[in-house]
Amino acid sequence: MADTSQTARLNTFREGPDERGHFGIYGGRFVAETLMPLILALETAYEEAKADAAFRSELDDLLANYAGRPSPLYHAERLSAHLGGAKIYFKRDELNHTGSHKINNCLGQIQLARRMGKRRIIAETGAGQHGVAVATVAARFGLPCVVYMGATDIERQKPNVFRMRLLGAEVRPVTAGSGTLKDAMNEALRDWVGNVDDTFYIIGTVAGPHPYPAMVRDFQSVIGNEVREQMMEREGRLPDTLVACIGGGSNAMGLFYPFLDDEGVAIYGVEAGGRGLDSPDDHAASLNGGRPGVLHGNRTYLLQNDDGQIIEGHSISAGLDYPGIGPEHSWLKDSGRVTYVSAGDSEALKAFQLCTQLEGIIPALEPAHALAHVMKLAPQLEGDNLLVMNMCGRGDKDIFAVAEHLGMDI
Amino acid sequence: MSEIALDTRIEHRFARLGVEGRAGLVAFITAGDPDLETSQAILEALPKAGADLIELGMPFSDPMADGPAIQASSQRALAAGQTMKKTLAMVAKFRKSDAETPIVLMGYYNPIYVYPGDAFLADAQAAGVDGLIIVDLPPEADDELCLPAMQAGLNFIRLATPTTDDKRLPRVLENTSGFLYYVSIAGITGTKAPDVSQVGPQIARIKKQTSLPVAVGFGVKEPQQVEALARVADGIVVGSALVRVIEDNLGSGEETVARVSDLVRALAGALAPEPVTAK
């Protein structure tokens with residue numbers, strides 16, 4: 001059986017994963033044999049690329065001139081005054097090209113795909129933000145692209161579906177299961193198994209078989225690295241508090257990772273509490289309402305029943321509606337370094353409106369969950385507490401869904 | 001290369017098939033599809049219709065390596081209330097009337113992991129299970145279940161695929177026992193048809209590195225394919241085609257059992273030993 005003992009004492013929270021892709025007991029490579037050689041080749045290619053200065057400088061150039069990095073660190077003055085307490089900053093990753101943090105990872109992975117000579121791109125998407133970012137980089141580099149998206153999500157994220165199609169991607173609806181993100185990921189894995197020679201699978205979050213969780217984290221760490229520099233410049237010191245929403249957990253991992261060894265920084269991940277944590281069908285909070293299991297190539301906290309069948313979960317936000325979570329988050333939860341909380345549908349809707357009205361920023365429903373926790377947390381903190389929330393996506397895609405929830409016609 | 005011998009029904013069955021001079025038919029169904037009672041009746045009918053080994057699928061909500069037919073069969077089983085305990089109970093009941101036909105449980109790791117694994121192995125062994133095929137446990141994860149399964153006296157049957165090259169093959173064979181399952185296509189179950197002219201050399205390549213029996217599957221649905229593959233493999237696995245028969249005959253339990261038996265009989269008929277010429 002698996003080793004369930006935790007490493008007794010750690011000097012650092014930043015040395016994972018081990019050579020087999022484990023963060024403590026989490027992570028790993030639980031894939032069919034057909035994919036195993038591909039995963040091993042990907043790992044080798046990524047390790048080589050990481051050590052190649054040319055790869056890094058090409059990526060930096062794309063991040064700066066194509067994606068528009070660095071994204072600003074913005075002092076949300078009116079929100080801070082309104083809530084009273086912490087000095088709230090937004091990391092403005094919604095201002096990136098394509099409107100979310102997803103582009104950071106997609107630029108990295110498509111560069112890797114090109115380096116490996118792959119000719120075809122596949123991806124899964126939930127809210128469509130990752131799908132749009134993949135379709136964008138595939139268009140930019142002239143590679144054909146297939147995006148798998150749950151039929152339910154296609155219905156609630158129509159603007160993003162149209163954007164992907166405009167960008168030349170083929171959006172394939174997935175009707176299996178309940179037609180959401182996990183089903184799209186199953187289908188993308190099935191595609192990959194059937195197209196092993198030419199296809200590169202761009203996974204959108206810090207989950208999946210090793211090396212994806214570490215690789216996506218590395219590509220997203222640009223968020224936290226920038227925050228470090230920007231905060232030093234603005235305030236002359238590191239932030240005190242970090243808050244980010246968590247579906248699979250890529251924007252959160254990107255913000256948190258550079259700060260994991262800074263003891264004074266309190267870190268909060270906010271899961272989707274949906275309609276409440278009491279019933280497993282009503283939320284998408286894998287860490288707060290699930291237990292460890294194995295899905296999509298890694299061991300991690302999962303929403304599942306007593307017989308090990310995966311439960312779909314629910315959130316108002318299609319981007320958080322995933323029954324798993326990146327394995328490094330599972331490890332950070334067990335080790336106690338990061339505090340994982342949840343915010344429900346209605347709290348997120350309130351935060352969405354408050355942010356729009358006070359700051360003139362329409363957040364995506366995903367970071368609206370992070371903001372909902374900031375609304376609870378900030379008033380309890382001192383005025384000199386520097387709090388950074390990752391505004392990881394803009395809310396244009398969500399206006400139709402929000403209008404429906406608020407009973408408004410548009 | 002040394003082989004792991006556990007003295008199991010699987011090993012005995014392949015030894016007998018060797019004596020008979022023919023390849024074996026490995027029939028796959030999903031436990032609990034379309035419901036527990038019918039599934040039990042199908043299971044018990046399989047050897048009578050000519051199945052030499054049985055792969056019993058443990059239904060999972062997210063069967064990532066399976067095509068539409070087996071996905072649908074898993075969903076039917078789960079919707080009918082199938083659980084791991086019921087699957088093991090099916091095997092125990094089967095063993096009351098059949099002490100020889102090997103049963104291999106096939107599926108994904110999570111339902112075993114949460115059972116949890118050591119209790120699962122004990123219960124499976126007690127129920128009369130002979131081997132395990134766990135799709136998402138590659139050799140890199142042998143310490144999870146493969147090695148404990150061997151200690152519990154169960155064969156752990158590994159999949160080799162067209163992407164398993166000569167360099168990787170020893171790793172795949174290392175802790176494999178009972179037989180090796182060669183996946184005839186790079187793809188999911190029940191979709192592309194295998195090309196016998198390619199499968200033959202691939203199996204020959206594998207047999208250079210092992211004396212284990214090699215069964216071949218994925219995309220096999222017709223007697224003609226079975227007949228052709230039987231010339232190059234020791235066992236032929238048919239799965240999606242059988243669960244599709246279940247899907248097409250959901251009316252009455254008896255009818256479902258009869259139609260599945262018909263197909264198994266036709267497939268087994270393609271595996272008759274070469275007729276001995278009279279001297």
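Numbers restart at 1 for each chain; the letters A, B, ... are given by sequence-line order, proteins then strands.
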[atom1]/[X]: more than 12 non-hydrogen atoms of other groups inside 6.0 Å:
{"X": "B:Lys93", "atom1": "NZ", "value": "no"}
{"X": "B:Lys221", "atom1": "NZ", "value": "no"}
{"X": "A:Glu47", "atom1": "CD", "value": "yes"}
{"X": "A:Arg291", "atom1": "CZ", "value": "yes"}

Ignoring hydrogens and geometry, is there a side-chain-to-backbone donor-acceptor pair from [X] to [Y] under 3.5 Å?
{"X": "A:Arg20", "Y": "B:Ala141", "answer": "no"}
{"X": "B:Ser61", "Y": "A:Ile310", "answer": "yes"}
{"X": "A:Glu33", "Y": "B:Asp136", "answer": "no"}
{"X": "A:Thr34", "Y": "B:Ala186", "answer": "no"}

Please identify, among A:Val31, A:Asp183, A:Leu189, the residue contributing the most non-hydrogen atom pairs under 4.5 Å to chain B.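 That would be A:Val31.
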
For the interface with chain B, which of A:Pro209, A:Gly297, A:Pro292 has the highest count of heavy-atom pairs at distances below 4.5 Å?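 Most heavy-atom pairs under 4.5 Å with chain B: A:Pro292.
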
Can you name the nearest heavy-atom pair linking [X] to [Y], along with the distance?
{"X": "A:Arg29", "Y": "B:Pro138", "value": "O-CG, 3.3 Å"}
{"X": "B:Ile188", "Y": "A:Val193", "value": "N-CG1, 4.2 Å"}
{"X": "A:Gln309", "Y": "B:Pro59", "value": "NE2-O, 3.0 Å"}

key: CA sep, side-chain torsions, deciding dist, call: A:Arg299, B:Glu144, salt bridge (Lys or Arg N to Asp or Glu O under 4.0 Å)   = CA-CA 11 Å; A:Arg299 183 182 356 248; B:Glu144 293 278 340; 2.3 Å; yes

Mind checking the NE2-CG spacing from A:His296 to B:Asp62? Nearest 0.5 Å is all I need.
->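 Result: 5.5 Å between the selected atoms.
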
Exercise. How long is the span from the CG atom in A:Leu302 to the CG atom in B:Asn110, to the nearest 0.5 Å?
Worked result: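 Rounded to the nearest 0.5 Å, the CG-CG separation comes to 6.0 Å.
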
Is [Y] close to [X] at the side-chain level, that is, under 4.5 Å between some pair of heavy atoms?
{"X": "A:Leu40", "Y": "B:Glu140", "result": "yes"}
{"X": "A:Met185", "Y": "B:Met64", "result": "no"}
{"X": "B:Lys167", "Y": "A:Pro37", "result": "no"}

Exercise. May I ask you to say whether A:Asp307 pairs ionically with B:Lys86, meaning some side-chain N is under 4.0 Å from a carboxylate O?
Key: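 Answer for the salt bridge query: no.
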
Item to complete: For chain A, find which of B:Ile112, B:Asp66, B:Ile134, B:Asp165 contributes the most heavy-atom pairs closer than 4.5 angstrom.
Response: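 It is B:Asp66.
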
Practice prompt. Name the option with the most non-hydrogen atom pairs under 4.5 Å to chain A; the candidates are B:Gln71, B:Lys85, B:Gln75, B:Met84.
Written response: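 Maximum pair count with chain A is reached by B:Gln71.
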
With only heavy atoms counted, which part of B:Ile185 is less than 4.5 Å from chain A, the side chain, the backbone, both or neither?
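Neither part; nothing is under 4.5 Å.
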
Checklist entry - Tell me, side chain or backbone of B:Gln151 under 4.5 Å from chain A's heavy atoms, or both, or neither? => result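 Looking at B:Gln151, nothing touches chain A.
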
Counting only non-hydrogen atoms closer than 4.5 Å, does A:Asp306 touch chain B with its backbone (N, CA, C, O), its side chain (CB onward), both, or neither?
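Answer is backbone: N, CA, C or O of A:Asp306 sit under 4.5 Å from chain B.
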
